[in-house]
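Protein chains get the first letters and strands the later ones, always in sequence-line order, with residue 1 at the start of each.
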Amino acid sequence: MTRPILVTSALPYANGQPHFGHLVGAYLPADVFVRYHRMIGSDVLYICGTDDHGVANTLAAEKEGVPYREFVQRGWDVWNDVCGQLGISFDNFSQTCREVPHYALAQEFFLRCKKSGHIVRRDIEQLYSPKTNRFLADRYVVGECYVCGHDDARGDECPKCGSWLEANRLKNPRSRTDPEDKLELRAAWQFELDLKPFSEDPLVKPWLTEFRKGLKTNVSKFVFEKMIEGEGLESRPITRDLPWGVPVPNVDLDGQPIEDVDGKVLYVWFDAPIGYISSTMEWAERENKDWRRYWIRKDGEDGARLVHFIGKDNIAFHCIVFPSMLAWQQVDGDYSLTGPGKGEQYVLPENVPANEFFNLEGKKFSKSDQWTIDIGPFIEKYGVDRTRYYLIAAMPETSDSDFIWRDFKARNDKLANAFGNFASRILKFVAKHFDNRVPALGSETLDRVTNEVRTRTEAMARAIEEYRFRNALDEFLGLAEDGNQFLQDTQPWQLRKTDLAACGAALHQALQYLPALSALAQPFVPGLAASLRTQLNLAPRGAGPLLPSERLAEGHALGEASVLVAKIPDEVIASELEALRGTPED
RNA sequence: GGGGCCGUAGCUCAAUCGGUUAGAGCAGCGGACUCAUAAUCCGUUGGUUGCAGGUUCAAGUCCUGCCGGCCCUACCA
């Protein structure tokens, strides 16, 4: 039996504005992976949701005078719309602010980590804002640099002298969002998750060895050479004093009180990834399925394949922190709990395909500098499939890459010419000269098309399994190029004048590329795949093995041919660039 | 401060452990063809691999220094 597959995309921050960088980094590749697996009949589940807690959300909500819950709901709506527009096919898109099932599960995670001895209490000093009645994170603090005296140093770094600062040592500290808000240093304490034993933990070590082998080099260098073997792991705070978040429970697993936790909530990076699980539980409840199938494995069994798609900034959480939390859910004793019981444990990730960053014409996307592309209008204008096609083709898989308007046109036109026009030239030919029905194959064979389809399909499958989506996309387009080459070699437009049966036989073969192309297109450009099937008068493709491919039988009545992919005029690109730069091009 | 990445054809990018004459696509140029969305197919121009050294039988690849661009540093993909 094949293993179930659980795919997640990084939980977007409810406060964040989605742009192409997010989509191309963590959502689109996951969606391609998931659509591919659905197509071949894998048991795959795709889970996401918004990350609703944390200081940035509370500050933004307060600034607008909106209740927290309402504020993050708006964020959810935005992300849900954008992902929907781009055809990101989540099985469930939840929120970490939902008390059922998220809060209870997050609290259970805390209690189990505590019970298994990985949570410690630590006294700290932190900058406190009397005006807003809370402790502020370093990045919300500004003050006078204690190295160079610059008065506008940030809590983490001085922009003037470049020194690496400790926020607590800043002189004259104040809130970044409100200069009148003078901060004071106050004693506090928080719970911390002690990550020191992580890499040597007997539950973790065997997994870690395997995990390392599958990671892209940029990911494994960061996790292993820098963090585990380099700096070493420390304990990190997992609670904060905030009015918005999952409350730290005040009774432990054994019914003993946990002192002084009023006003404390679980901190974002402890709380957020649990959202992957609670979102799965929510899905299971709705669909009457079993969430444990994807998250829990019995000792000695493989369990599901867990794959986290993220941007590169999220590597530490998904490769170290969340796995440690999952592993440290093991507790002895008889408790009535949701997670793994005796002889069970949570699955640990098989891979964390982290993409690099995606910029716009060489510079970082920035809404405030107007250096951006509005996703909604863009997709309305160019269509979801053409958007997806380009973003996949330009995806920052191995290094940072760019959205480049001229490249968008070039890629789009290539797709229109090699793929769209290929379907069009055959279908119109058959409509004109063969009554729009699949001609007879005669004594010819389908060996050539069958072999080419197999080669391309296998290469595409391999690339997707290795998270090389750009290469996978090339195989799809490559099959269309094979088809064009076939026509060039057989020249049915010549045969028509001399030998109509031979002409029909050639077209019969050429037509067979099209159902295969609709299959290869499906993970990347599902709308185009469907349109092509309509033009072929084929029912939507169900799940099933990629091979053997479908065949258009002799006499099959085809649908009506029309332009699948339109080209983009130069003037359109010129005006987009002008709008972006604010000046006409040189 | 610490760590990492990148620099290859006009443009976007490849090149497994160091191993043949550094490859594709786009653009350009020349040709063939006419079924098709001026498309497709064939051919072709174009490189001192950022600079300077070093190691090696052999360097785009490894080492040192420099120049230029970018990112991470655990709370803004």
Over all strands shown, is [X] touching base, sugar-phosphate only, or nothing at heavy-atom distances under 4.0 angstrom?
| X | value |
| --- | --- |
| Gly420(A) | base |
| Val565(A) | base |
| Arg240(A) | base |
| Ala416(A) | base |
| Gly21(A) | base |
| Tyr27(A) | nothing |
| Lys428(A) | sugar-phosphate |

* To do: Treat a base pair as Watson-Crick or G-U wobble with both distances under 3.5 Å, then lay out RNA chain B in dot-bracket form, 5' to 3', with | for cross-strand pairs.
  => (((((((..((((.....[...)))).(((((.......))))).....(((((..]....))))))))))))....

Inter-nucleotide [atom1] distance ([N], [M]), Å rounded:
| N | M | atom1 | result |
| --- | --- | --- | --- |
| A74(B) | U12(B) | P | 32 Å |
| G53(B) | A59(B) | P | 15 Å |
| G68(B) | U21(B) | C1' | 31 Å |
| C57(B) | C11(B) | P | 37 Å |
| G46(B) | G1(B) | P | 45 Å |
| C76(B) | C66(B) | C1' | 35 Å |
| G60(B) | A52(B) | P | 14 Å |
| C33(B) | C41(B) | C1' | 8 Å |

* To do: Output yes if the stacking criterion (under 5.5 Å between centres, under 30° between planes) is met for Trp493(A) over the base of C35(B), else no.
  =>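 A stacking contact exists, since Trp493(A) sits close and nearly parallel to the base ring of C35(B).
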
Centroid-centroid distance, [X] to [Y], less than 6.0 Å:
| X | Y | value |
| --- | --- | --- |
| Phe322(A) | Phe317(A) | no |
| Tyr267(A) | Phe191(A) | no |
| Tyr276(A) | His308(A) | yes |

* Can you name the residues that form a side chain to side chain donor-acceptor pair (under 3.5 Å) with Gln95(A), not counting sequence neighbours? ->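 Gln73(A), Arg98(A).
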
* Asked: Sequence neighbours excluded, which residues qualify as side chain to side chain donor-acceptor pair (under 3.5 Å) partners of Arg437(A)?
  ->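 For Arg437(A) there are no side chain to side chain donor-acceptor pair (under 3.5 Å) partners, ignoring immediate neighbours.
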
Could you work out which one of [options] sits closest to the side chain of [X]?
| X | options | answer |
| --- | --- | --- |
| Tyr267(A) | U37(B), C75(B), A77(B) | C75(B) |
| Gln485(A) | C35(B), U37(B), C42(B) | C42(B) |
| Gln488(A) | C41(B), U37(B), C75(B) | C41(B) |
| His19(A) | A77(B), C75(B), C35(B) | A77(B) |
| Gln494(A) | A74(B), C35(B), C33(B) | C33(B) |

* To do: Take Phe309(A) and Tyr27(A) through the ring pair (Phe, Tyr, Trp, His ring centres under 6.0 Å) test and state the conclusion after the steps.
  => CA-CA 7 Å; Phe309(A) 285 85; Tyr27(A) 302 88; 9.9 Å; no

Between atom [atom1] in [X] and atom [atom2] in [N], what is the gap in whole Å?
| X | N | atom1 | atom2 | answer |
| --- | --- | --- | --- | --- |
| Leu477(A) | U40(B) | CG | P | 10 Å |
| Asn412(A) | C26(B) | CG | C1' | 13 Å |
| Phe429(A) | U37(B) | CZ | C1' | 17 Å |
| Leu511(A) | C35(B) | CG | P | 17 Å |
| Met325(A) | A74(B) | CE | C1' | 14 Å |
| Ile375(A) | A77(B) | CD1 | C1' | 11 Å |
| Asp413(A) | G25(B) | CG | P | 17 Å |

* To do: Check whether any side-chain N or O of Lys567(A) sits under 4.0 Å from OP1 or OP2 of U37(B), and answer yes or no.
  =>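 Result: no.
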
* Looking at the angle O4'-C1'-N9-C4 for a purine or O4'-C1'-N1-C2 for a pyrimidine, is C17(B) syn or anti, with syn meaning within 90° of 0? ->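 Classified syn.
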
* Looking only at heavy atoms, which two atoms of Arg388(A) and Gly87(A) are closest? And how far apart? ->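 Closest heavy-atom pair between Arg388(A) and Gly87(A): NH1-O, 3.2 Å.
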
* **Nearest atoms (heavy-atom pairs only) where Val7(A) meets Ala30(A)** =>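 Heavy atoms of Val7(A) and Ala30(A) come nearest at CG1-CB, 3.9 Å.
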
* To do: Show your working on side chain to side chain contact (heavy atoms under 4.5 Å, CB included) between Leu477(A) and Leu415(A) and close with a plain yes or no.
  => CA-CA 7 Å; Leu477(A) 203 65; Leu415(A) 177 69; 4.0 Å; yes

* Report the residue (Arg425(A) or Asn484(A)) whose heavy-atom-nearest nucleotide on RNA chain B is the more 5′ of the two. =>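 This one resolves to Arg425(A).
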
* 5'-most by nearest nucleotide on RNA chain B - Ala418(A) or Ala316(A) ->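 First, find each residue's nearest nucleotide; the 5'-ward one identifies Ala418(A).
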
* Is any NZ, NE, NH1 or NH2 atom of the basic residue among Glu192(A) and Arg236(A) found under 4.0 Å from an Asp or Glu carboxylate oxygen of the other? ->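 Salt bridge flag = no for Arg236(A) with Glu192(A).
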
* To do: For residues 483-508 of chain A, pull every pair meeting salt bridge (Lys or Arg N to Asp or Glu O under 4.0 Å), keeping only residues two or more places apart or in separate chains.
  =>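 Residue pairs passing salt bridge (Lys or Arg N to Asp or Glu O under 4.0 Å), neighbours aside: Arg448(A)-Asp489(A).
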
Going by atom type alone, with no hydrogens or angles, which donor-acceptor pairs under 3.5 Å involve a side-chain atom of residues 9-16 of chain A and a protein atom two or more places apart or on another chain?
from: Ser9(A); atom 1: OG; to: Ala26(A); atom 2: O; distance (Å): 2.7
from: Ser9(A); atom 1: OG; to: Tyr46(A); atom 2: OH; distance (Å): 2.7
from: Tyr13(A); atom 1: OH; to: His53(A); atom 2: O; distance (Å): 2.9

Which pairs, protein N/O on one side and nucleotides 7-15 of chain B N/O on the other, fall under 3.5 Å?
from: A14(B); atom 1: OP1; to: Thr398(A); atom 2: OG1; distance (Å): 2.6

